[in-house]
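For reference, the structure discussed in these notes is given below.
These values consider heavy atoms only, across backbone and side chains, with no hydrogens, waters or symmetry-generated copies. Just so we're clear, the structure is a prediction, and the values are computed from it rather than from any experiment. Throughout, protein chains are lettered first and strands after them, A, B, ... in sequence-line order, and every chain is numbered starting at 1.
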Amino acid sequence: MTYLVDIEAFHGPLDLLLFLIEKNELDVYDIPIAFITDQYLQYLETTGEFDLENMGEFLVMATYLLNLKSRLLLPQSNNTTEDIEDAIDPREELVQKLLDYKRYKTAAIELQQRETGLTERIFYREVSSEPGREEELIVDLSSLIRAYRTVMRRLPVAEPEAVIPEGDVSVNDKMDQIMVFLADNDGKTSFKHLFTIVSTRREALALFLALLELIRLQKVRATQNIPWEDIQLEMW
Amino acid sequence: MRDEIKAAIEAILFMRGDRVGVEELVEILDVPLLELRDLMRELIGEYFQPGRGLQIIPVDDGYLMCTKSEYSEILARSVRPVKRRLSQAALETLALIAYQQPVTRAELERTRGVKVDRVITNLLERGLIEEVGVKEVVGKPILYGTTQEFLRMYGLTSLRDLPQLEE
Amino acid sequence: MRDEIKAAIEAILFMRGDRVGVEELVEILDVPLLELRDLMRELIGEYFQPGRGLQIIPVDDGYLMCTKSEYSEILARSVRPVKRRLSQAALETLALIAYQQPVTRAELERTRGVKVDRVITNLLERGLIEEVGVKEVVGKPILYGTTQEFLRMYGLTSLRDLPQLEE
């Protein structure tokens with residue numbers, strides 16, 4: 001009699017496979033692929049309703065097993081004895097995966113036993129929030145940016161929204177703004193510094209166009225002494 | 001047996017580093033209340049010895065393990081500000097606020113997919129974010145933004161220094 | 001005098017609740033290194049007595065005060081706050097990260113045979129893992145590693161304490 005096991009109880013296809021191997025007392029190094037594939041498929045069939053998202057991974061494994069089964073069934077053409085000796089067992093990859101997975105599953109159980117105190121362990125003093133205990137925050141910009149990227153990557157891809165930009169940015173205004181900025185700074189500034197006066201991309205674009213125009217009109221001179229160095233801007 | 005229970009009490013008080021109630025000790029250790037009180041008296045006495053820097057004191061029908069006051073000076077010298085990293089949850093929320101400010105709690109929760117109340121309180125307490133106004137929509141939710149302290153800590157001179165992210 | 005210094009060491013180790021380096025102790029206490037080591041030996045011996053639930057252990061040229069391992073079960077029961085236990089799936093992923101760090105999400109998924117996005121978010125939020133860099137391959141995937149909090153939660157003094165994986 002086969003008893004129903006909820007597929008959700010398995011933490012992935014490797015877990016289910018391992019369960020079947022252990023239940024049938026099979027040798028991991030010599031898995032009867034045809035047998036295990038049938039068993040595996042049977043389990044998938046008996047689960048009834050399932051969550052497609054979780055099921056996907058189980059189905060990928062099913063396909064892999066079926067493929068493996070057919071490869072093993074097909075007679076190998078022009079086999080010499082040496083070839084058979086040297087041939088890599090197509091099951092090898094699967095065996096390796098199963099062994100790896102089993103190793104970490106065991107390690108996970110070990111961790112859990114430490115958590116519940118079943119494995120002897122030490123306990124640290126719980127850090128209490130003593131008042132007056134000064135805290136120094138360790139921060140770095142790159143982890144902040146990574147955190148932002150992580151959040152953004154997790155976001156479901158949103159429908160692109162058409163946004164009508166508010167307010168117009170005029171290149172002429174920006175040209176005036178640059179001249180005023182230069183005048184305020186003794187007629188000199190640097191490229192990077194100049195761009196601190198804008199806060200949006202659209203403004204930055206307009207500012208850049210304005211700067212090009214001023215250079216063309218020979219109102220502003222741009223120089224760079226060393227490649228990659230900040231460009232120096234000066235009034236003619 | 002008594003030794004074992006005393007050792008366990010010591011371990012519990014140490015681990016918690018805070019007051020542990022008598023009823024809780026009775027339950028964890030499965031000893032009668034009177035015996036516990038007796039053991040505690042013994043234990044407190046042992047800690048009283050010179051050569052011990054810790055003490056156990058009764059607080060609100062419970063006990064607390066802490067340092068003896070004689071050593072406050074030396075301890076003050078050794079208090080290194082605890083170095084802490086922001087938790088990942090706090091870091092992600094802070095990053096979102098930095099790039100999307102001013103922003104409301106609801107907007108943050110929509111993006112992060114989890115409640116952010118506690119994280120916001122934490123960031124406010126640390127002075128990394130502040131309330132910068134209210135959004136002119138129903139309910140007038142509070143808008144949050146980063147502070148001067150945030151810029152200082154991350155070595156930024158202004159928000160424009162935040163690296164542009166590729167879209 | 002010796003008693004006083006020992007008491008002070010005890011107080012310092014308690015207050016920190018974490019490893020304190022030898023050089024730091026020498027500086028705070030203003031005692032010669034050799035004398036400190038001598039005092040530590042004595043102190044460690046005293047804690048060794050039955051009836052004591054704590055111990056002082058040498059960790060990376062420093063010392064850590066923690067509980068003796070005999071009381072694991074009782075202490076696990078009295079840990080506060082009662083945190084929700086990690087799911088088996090989360091534990092498996094955490095174990096993988098612990099042993100293979102630094103490791104990318106794709107590498108984890110290859111070994112576990114399932115998607116790990118949600119589990120990673122969960123572990124990050126709990127502060128058990130953190131991003132430790134990016135792998136210098138196409139796409140610059142994020143590398144994950146375990147945190148100090150991970151060591152504390154499982155009572156490890158360093159990653160070297162992790163049990164050997166069975167072959």
Side-chain angles (χ1 to χ4, degrees), chain A residues 8-18 53-58 60-61 64 93-94 96-128 130 133 138 140 142-147 149-151 153-154, chain C residues 13-18 55 57 64-77 79-81 83 85-96 98-100 109-115 117 120-121 124 130-131 133-134 142 151-157 161-163 165-167:
Chain A
E8 303 261 321
F10 295 99
H11 322 120
L14 287 168
D15 202 27
L16 172 55
L17 228 81
L18 209 57
E53 193 192 333
N54 291 328
M55 206 59 192
E57 290 146 356
F58 286 92
V60 170
M61 176 60 78
Y64 174 79
E93 192 195 347
L94 180 65
Q96 200 48 54
K97 276 193 166 204
L98 280 169
L99 289 176
D100 268 351
Y101 175 70
K102 194 178 172 198
R103 214 170 278 143
Y104 291 109
K105 194 180 150 101
T106 313
I109 291 167
E110 172 70 24
L111 280 184
Q112 193 169 39
Q113 287 183 339
R114 294 187 78 88
E115 197 179 344
T116 53
L118 284 174
T119 294
E120 289 204 344
R121 56 165 287 190
I122 58 154
F123 282 83
Y124 283 76
R125 187 171 155 230
E126 287 173 10
V127 226
S128 61
E130 283 169 57
R133 199 163 182 202
I138 309 172
D140 67 297
S142 61
S143 60
L144 184 76
I145 295 157
R146 273 209 304 275
R149 290 212 173 105
T150 308
V151 180
R153 204 166 322 128
R154 277 207 300 268
Chain C
L13 291 179
F14 171 82
M15 193 187 58
R16 273 300 167 74
D18 214 334
Q55 59 178 339
I57 50 176
L64 167 73
M65 186 188 277
C66 58
T67 67
K68 282 187 185 163
S69 47
E70 289 98 296
Y71 306 97
S72 308
E73 258 185 280
I74 248 179
L75 289 170
R77 260 190 283 144
V79 170
R80 167 222 58 175
K83 288 182 190 147
R85 290 261 152 81
L86 284 177
S87 69
Q88 197 66 31
L91 264 173
E92 285 177 12
T93 308
L94 183 59
L96 251 175
Y99 281 95
Q100 302 199 335
E109 292 183 345
R110 215 169 302 134
T111 310
R112 295 250 298 111
V114 291
K115 287 249 169 271
D117 309 60
I120 287 208
T121 309
L124 282 170
E130 62 188 348
E131 302 181 353
V134 292
I142 294 166
L151 295 178
R152 293 183 75 99
M153 172 148 171
Y154 292 99
L156 305 161
T157 59
D161 282 359
L162 280 174
L165 285 177
E166 54 185 55
E167 286 304 297

With no hydrogens and no angle check, is any side-chain donor or acceptor of Tyr124(A) less than 3.5 Å from a backbone partner on Leu156(C)?
-> yes

Are Leu86(C) and Gln112(A) close enough that some pair of their side-chain heavy atoms sits under 4.5 Å apart?
-> no

Correct closest heavy-atom pair for Tyr154(C) and Glu115(A) would be OH-OE1, 3.5 Å

Of the listed Met61(A), Lys97(A), Lys105(A), the one with the largest count of heavy-atom pairs under 4.5 Å with chain C is Lys105(A)

Residue part contacting chain A, namely of Gln55(C), when any heavy atom lies under 4.5 Å = side chain

Minimum side-chain heavy-atom gap Gln88(C)-Ile109(A) below 4.5 Å | yes

Do Ile122(A) and Leu64(C) have side chains that get closer than 4.5 Å, going by heavy atoms?
-> yes

In terms of heavy-atom proximity below 4.5 Å to chain C, should Thr106(A) be classed as side chain, backbone, both, or neither?
-> side chain

Given Gly133(C), Ser69(C), Ser87(C), Ala95(C), the one with more heavy-atom pairs under 4.5 angstrom with chain A than any other is Ser69(C)

Could you list the residues that satisfy salt bridge (Lys or Arg N to Asp or Glu O under 4.0 Å) with Arg103(A), not counting sequence neighbours?
-> Asp100(A)

Between Leu96(C) and chain A, which part of the residue has a heavy atom less than 4.5 Å away: side chain, backbone, both or neither?
-> both

One should read off an interatomic distance between Arg16(C) CZ and Arg125(A) CZ, to the nearest 0.5 angstrom, of 11.5 Å

For chain A, which of Glu130(C), Arg110(C), Lys68(C), Gln100(C) has the most heavy-atom pairs under 4.5 Å?
-> Gln100(C)

Would you indicate whether the side-chain heavy atoms of Glu57(A) and Lys115(C) approach each other to under 4.5 Å?
-> yes

Residue pair Val114(C) / Pro13(A), side-chain heavy-atom distance below 4.5 Å = yes

Tell me, for Thr157(C) versus chain A, whether the close heavy atoms (under 4.5 Å) come from the side chain, the backbone, both or neither.
-> both

Hey, what do you get for CG (Leu162(C)) to CG (Leu111(A)), rounding to the nearest 0.5 Å?
-> 7.0 Å

Residue set satisfying salt bridge (Lys or Arg N to Asp or Glu O under 4.0 Å) with Glu110(A), at least two apart, ordered chain then number -> none

OG1 (Thr116(A)) and CZ (Arg77(C)) are apart, to the nearest 0.5 Å, by 11.5 Å

If you draw the axis of the six-membered ring of Tyr104(A), does the NZ or CZ of Arg112(C) fall within 45° of it and under 6.0 Å from the ring centre?
-> no

